[in-house]
Amino acid sequence: MDFSTLSVDIPATAWTGRNDGESPAHRRWWQAVAIAATSASPDAPSLNTASLNASLPGPAALLGFASHAGVARNHGRTGAATGPAALRAALGSLAFHGTREVTDAGDIVVSGDSLEDGQSRCGAALTAMLDAGYLTCVLGGGHETAYASYLGVAGTAAFTNGARLGVLNLDAHFDLREAPVPSSGTPFLQMARAEAAAGRELNYAVVGISEPNNTRALFDTAHELEVKYLLDEDCSAERTEGFVSSFLETVDIVYLTIDLDVMPAAVAPGVSAPAAYGVPLAIIAAICRQVAASGKLFHCDVAELNPEFDVDNRTAKVAARLIDTLLR
């Protein structure tokens, strides 16, 4: 793919991190990630898709969505716009044990309140990469990132040609809020309405719902839309594995979205809305492994990292670990 055709606001730049050596045995993410051609320096690695070994997993691409406009509209604490940079920093020094080639395509930036424009531009970039055969991962950004991801997936040839899409959300909240304007609380209702307008039904499932943090109106909406969900208190390893397995049987391609507030505040303090209860990290990581192993993972994103409120980069490190699991 010619990444120079992508329209991004901040081109990707070379990553940095701990250097233990240049051999494959010492490789870390910062040494493995290729930089999109639009911003490659003479010494920066660039992704040559023609050289990919067909026996290896298909290539992946990262795209930042620097936005907290949706969080602001949802009356949450802002700061998630700096999430993409913090995620790259946390990923950079992780050991790279994968065989998949990964490229960084840069960032889409939402300036001020121009959320819808940013979502549209992010979606267009994702569609181009997905149609070119990349497994894409958006680095958010508030959970308004999710509607940008949906636009990207919904525009692909795979989806328009009839692939059965499933949206799996790891989240304490349904994000089905009825509101005058789109926000971080509305993306899945927006998806459901977009699908209904196209004569389809949204296949939406959520793991980690906090009953005290979702109103009866939100539960009613979820039931009306036939949303499948698992409460945080019910997220044992066995029940979660079964829930996700049943969901995977109904789809051809999966869009997996991770709102980091699904985990306890002690694990993920740097989010827009920390969880009092939450789902253990081990369960969330197991879901990521399960979805990746299914061969159906099409697109993923990580949302709600708020570095301003993080403690010892704890949340960024957790998010980086999950991305490593998904893309490995």
Apply side-chain hydrogen bond (donor to acceptor under 3.5 Å, both in side chains) to E22 and list each qualifying residue two or more places apart in sequence or on a separate chain.
N19

Give every residue pair that meets the ring pair (Phe, Tyr, Trp, His ring centres under 6.0 Å) criterion with at least one member in residues 284-308, sequence neighbours excluded.
Y255-H299

Taking the six-membered ring for Trp and the full ring for Phe, Tyr or His, determine whether the centres of Y150 and F188 are under 6.0 Å apart.
no

Taking only distance into account, with no hydrogens and no angle test, what donor-acceptor pairs under 3.5 Å do side-chain atoms of residues 204-213 form with protein atoms, sequence neighbours excluded?
unit_1 : atom_1 : unit_2 : atom_2 : d
Y204   : OH     : N169   : ND2    : 3.1
Y204   : OH     : F174   : O      : 2.8
S210   : OG     : N213   : OD1    : 2.7

Check whether any side-chain heavy atom of C137 sits under 4.5 Å from a side-chain heavy atom of C300, and report yes or no.
yes

Quick check on H223: does its NE2 atom have over 12 non-hydrogen neighbours (other residues, nucleotides or ligands) under 6.0 Å away?
yes

When you compare the side chain of F219 with that of N214, does any pair of heavy atoms fall below 4.5 Å?
yes

According to side chain to side chain donor-acceptor pair (under 3.5 Å), does anything in residues 267-282 pair up with another residue at least two apart or in another chain? List the pairs.
S272-E304

Hphob cluster co-occupancy, V302 + V71, side-chain heavy atoms under 4.5 angstrom:
no

Assigning hydrophobic clusters by single linkage (Ile, Leu, Val, Met, Phe, Trp, Tyr; side-chain heavy-atom cutoff under 4.5 Å), is V109 placed with V8?
no

Steps toward side chain to side chain donor-acceptor pair (under 3.5 Å) verdict (E144, S67):
CA-CA 8 Å; E144 63 266 26; S67 170; 2.8 Å; yes

Among residues at least two apart in sequence or on other chains, which ones pass salt bridge (charged side-chain N to carboxylate O under 4.0 Å, His left out) with D171?
none

Could you list the residues that satisfy side-chain hydrogen bond (donor to acceptor under 3.5 Å, both in side chains) with T160, not counting sequence neighbours?
none

